[in-house]
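These notes concern the structure reproduced below.
Atoms within each ligand, like the ligands themselves, are counted from 1 in listed order. Along the sequence shown, residues carry numbers from 1.
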Amino acid sequence: MANKTVKELAQISKQTPEVVLKQLTDAGLPARGENDVVSEAEQEHLVSFLKQSHGEKKSRISLKSRTTSTAQVTGTSGKSKTVNVVRTKKVVYEKPDPAKIEAQIAAQAKAAEEERLKAIEAKQAAERSKKEAAERQAATLAAMRANTAPAEKAETASVVVKKTKKEEVAVEIKTDKKKAQPAKPAKTESAEDKAARQAREAEEDRLRQMEAETRRKAAEEAQKRTLEQMKQMASRYNDNEETATSAVVRTRDDAPLADGLVGKALEESFEKERREIKRGTAGNSGKNSKKGGRRNQEEREIKTKARGLKSSQANKHKFEMPVEKIVHNVEVGEGIVVSDLAQKMAVKVREVIKALMKMGEMVREGDTIDQDTAGLVIEEFGHILVPVSETKLEDDLQEAVNEKSGNIQTRPPVVTIMGHVDHGKTSLLDKIRATKVASGEAGGITQHIGAYHVETERGVITFLDTPGHAAFTAMRSRGAQATDIVVLVVAADDGMMPQTEEAIDHARAAGTPLIVAINKMDKDTADPDRVINELSVKEVIPEEWGGDVPMVRVSAKSGMGIDELLEVISIQAEVMELEAPVDGAAQGVVIESRLDKGRGAVASLLVKKGTLNQGDLVLAGEYYGKVRAMTDENGQRIKHAGPSIPVEILGLPEAPAAGSEFLVVSDEKKAREVADFRAARERDRILERQNKMRLDTLFDSMGNSEVATLNIILKTDVRGSLEALLGALDELSTDEVKVRVISSGVGAITESDVILAESSEAVLLGFNVRADNAGKKKADAAGLDIRYYSVIYGLIDDVKAAMSGMLAPEHREQILGIAEVREVFRSSKFGAAAGCMVQEGTIHRNKPIRVLRDDKVIFTGQLQSLRRYKDDVNEVKAGMECGLAVKGYEVAVGDKIEVFEIHEVRREL
Ligand code: GDP
């Protein structure tokens with residue numbers, strides 16, 4: 001809007017310059033000529049004035065009334081006569097607007113002044129006409145004297161009176177000068193009458209203005225009162241008035257406003273109220289119109305919003321009452337993510353971040369804050385902190401389950417075997433199983449489900465078959481105390497080793513009783529006394545020395561002492577008086593889980609209490625689902641599993657983490673609730689871990705170059721080993737070297753893992769998994785080395801060695817060749833034989849092999865035969881077909897046979 005002349009404005013608004021000039025003066029702007037300039041500010045003023053005038057049109061109401069009065073009329077004859085005067089009075093009311101009223105007063109004063117001048121003029125004119133009439137009268141008299149008929153005069157007079165009777169005096173009283181028109185006096189009205197009438201009208205105007213003014217003041221008073229009420233209402237929740245105001249604002253707009261905006265919001269509320277007052281004044285006229293209908297609707301809404309307030313109060317002022325502030329009870333566990341906190345308080349995240357910033361906490365919306373900090377924020381926003389135990393929801397569910405359980409009976413002990421690498425844990429587990437299970441279960445195929453149970457003369461014993469303290473600790477860190485007894489394996493020819501010590505520490509930390517199995521007693525070099533001596537240094541004192549730790553001499557190779565070991569375990573269990581309710585909903589722990597291509601999530605559960613049935617609704621970790629199928633460790637379908645019995649189940653949507661607690665619930669809604677809660681908690685944990693990483697990065701980049709970081713990408717076959725390895729790696733960080741697992745998961749090493757390793761300079765470690773084809777190609781192209789392991793300590797030792805920089809030459813395996821199984825056929829001589837294609841390297845007849853399925857190691861052993869056509873051969877090279885049989889294992893189409901050898905290399909990571 002630039003400066004424009006009056007003429008230009010007239011052209012734009014398609015009006016004559018005169019109209020525009022009049023509008024300008026009406027708007028209270030200085031008078032000027034057609035070619036004079038109207039400034040931008042003046043134009044704006046004019047536009048708003050015209051808008052207001054336009055608005056008035058809509059909000060005006062007219063009331064018509066008829067009054068009949070008499071008036072003294074002087075006829076041409078000079079005689080004064082009384083005539084009836086009918087006045088149709090049209091009163092136009094308009095909404096009071098303080099801003100307009102001033103303009104109106106000025107306009108009316110101007111009009112009154114004009115009227116006064118006109119009245120003076122009229123008086124002078126009347127005097128003039130009186131004089132003329134007197135002169136005319138004299139002339140008439142003179143004419144009469146010259147025989148003019150006097151009857152005619154009377155007739156004229158009567159006509160005048162008739163006419164006067166029909167005449168209507170329209171009096172329009174207007175507050176808007178533009179519309180106001182001077183009252184049309186009766187043609188017969190005398191100048192004095194006119195002056196009197198005008199004076200009366202001016203008085204009426206004055207009174208009306210006074211009335212308008214009074215009404216405006218009353219409205220303002222009401223506004224003030226209401227504002228006061230609003231403040232009081234808000235301060236009921238907040239002592240501090242500033243907070244109270246912001247609370248009002250927040251509830252009004254469903255979102256909090258910054259303090260600086262409070263004033264603006266109040267202004268808006270004032271304006272809104274002003275409109276309501278106006279509406280109230282003109283309310284009757286619009287009630288039946290469409291607009292009025294909508295307005296009533298709005299009013300109803302306002303009333304509904306003003307719940308909790310007296311409705312009479314709401315009606316009286318007719319403005320939007322503030323919604324009663326909702327005070328939320330905000331439940332917070334040990335920590336809460338900032339965005340979740342905002343959501344729980346129904347405020348915007350940035351408001352929460354701002355509040356935290358004021359407290360000196362610089363956070364992002366994904367960050368987790370602790371309960372105390374959250375409490376301060378909650379208080380700041382006027383809500384109430386409800387500290388909840390992290391496990392409240394779960395506890396409730398647990399209680400419900402406990403109530404139903406009953407029939408307490410002795411339950412089998414659950415045993416974990418721990419010890420240093422190569423001391424014979426796996427061999428011992430295999431031996432126990434072989435002697436106690438395989439023979440008994442006809443047709444059963446041994447399955448690795450993370451645990452198995454054996455029947456002994458003294459009862460059932462359950463073994464968790466993921467050996468090692470790392471797995472034990474990982475499970476315990478999730479709060480799952482699955483193990484009742486720890487069997488510590490120490491090789492009689494090797495004695496106490498670092499991991500033996502660690503195992504003792506872990507068992508002690510968990511308060512789990514220990515039984516020592518001194519293994520490899522078949523060896524000539526076996527020296528059990530040395531072992532006992534060394535153990536006693538660690539305060540593991542054998543019963544025979546007066547201590548409380550049973551020690552059994554065994555040989556996993558020959559089977560010597562196995563029965564005794566089992567008996568000692570049973571006795572220990574009896575001493576412990578292990579009991580559990582057999583009836584009622586099952587609960588226990590997830591010992592392993594994985595995603596199977598064909599079957600979906602497969603989870604191994606160990607029942608601790610109650611009985612698990614096929615079809616039960618199981619909540620495991622953060623997932624829940626109905627048990628579709630249940631098998632035992634021999635692959636047999638079963639329908640029920642009681643306390644201490646391990647089973648593998650199908651039916652969960654995802655693989656829950658090893659060590660997660662599971663329980664059977666009857667209520668799906670509750671299950672979902674707890675599952676959601678756990679998922680949120682898990683998300684918090686992940687975020688926390690990521691935050692730590694960010695802090696680490698920050699720390700590193702701050703130039704603390706003394707701290708080196710070893711980045712690792714880790715993939716494993718099952719969740720159990722992943723958790724175990726993550727736990728173990730976590731503990732490796734030293735002041736000089738930080739171990740950081742930047743990515744981990746279950747399954748083959750993929751192309752994206754390799755890309756990540758490349759970009760973040762990480763080492764790729766596979767535990768019982770291999771890289772898939774794309775991953776392998778990518779790694780080859782990038783020149784990245786992928787490390788494969790099948791022993792937890794092998795991996796840990798390598799990482800340790802890499803950290804210390806002391807990479808001594810050690811034995812390491814090297815993959816020599818890979819063949820893929822194309823078909824399987826039965827051979828009378830070897831049982832199942834496989835037709836294969838050698839894909840890489842060379843397949844050797846006499847070297848150790850592994851069978852891989854979906855890039856995971858499922859079997860380690862050796863070949864029974866290797867053939868090219870009908871001939872036995874020692875090796876087959878890449879690109880050739882061959883027939884082979886694996887000793888003790890039936891391969892399937894799609895499996896890969898990997899031939900490897902162990903040789904000495906200088907390690908470097
Ligand atoms: P783990 O690492 O503790 O699970 O140990 P393993 O069970 O894999 O055994 C390591 C090595 O020790 C294997 O070569 C076994 O054959 C061997 N071994 C295990 N137990 C015995 C035993 O009682 N006697 C003999 N002579 N060798 C054993």
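Taking the ring axis of Phe859 as reference, the NZ or CZ atom of Arg850 does not stay both within 45° of it and closer than 6.0 Å to the ring centre.
The shortest N/O to N/O separation between Ala556 and ligand 1 falls below 3.5 Å. The shortest N or O to N or O distance between Gly424 and ligand 1 is below 3.5 Å.
A ring-centre distance under 6.0 Å is found for Tyr452 and Phe463.
Every side chain to side chain contact (heavy atoms under 4.5 Å, CB included) that Ala491 has, sequence neighbours left out, goes to His423, Asp493, Asp494, Lys520.
With distances taken over non-hydrogen atoms, the option nearest atom 22 (C) of ligand 1 out of Lys520, Met418, His423 is Lys520.
Shown are Asp753, Thr750, Asn768; of these, the side-chain hydrogen bond (donor to acceptor under 3.5 Å, both in side chains) with Lys715 is made only by Asp753.
By the criterion of a heavy-atom distance under 4.0 Å, the side chain of Asp522, and not its backbone, is placed next to ligand 1. In Asn519, the part holding a heavy atom less than 4.0 Å from any atom of ligand 1 is the side chain.
In the vicinity of Lys523, heavy-atom distances shorter than 4.0 Å reach the ligand 1 atoms 26 (N). Residue Asp422 has at least one heavy-atom neighbour below 4.0 Å for each of these atoms of ligand 1: 1 (P), 2 (O), 3 (O), 5 (O), 10 (C), 12 (O).
His420 counts as a contact of ligand 1, since one of its heavy atoms falls under 4.0 Å from the ligand.
Separation of atoms OG1 (Thr416) and CE (Met418) is listed at 6.5 Å; rounding is to 0.5 Å. How far CG of Leu488 is from CG of Leu535: 6.5 Å, rounded to the nearest 0.5 Å.
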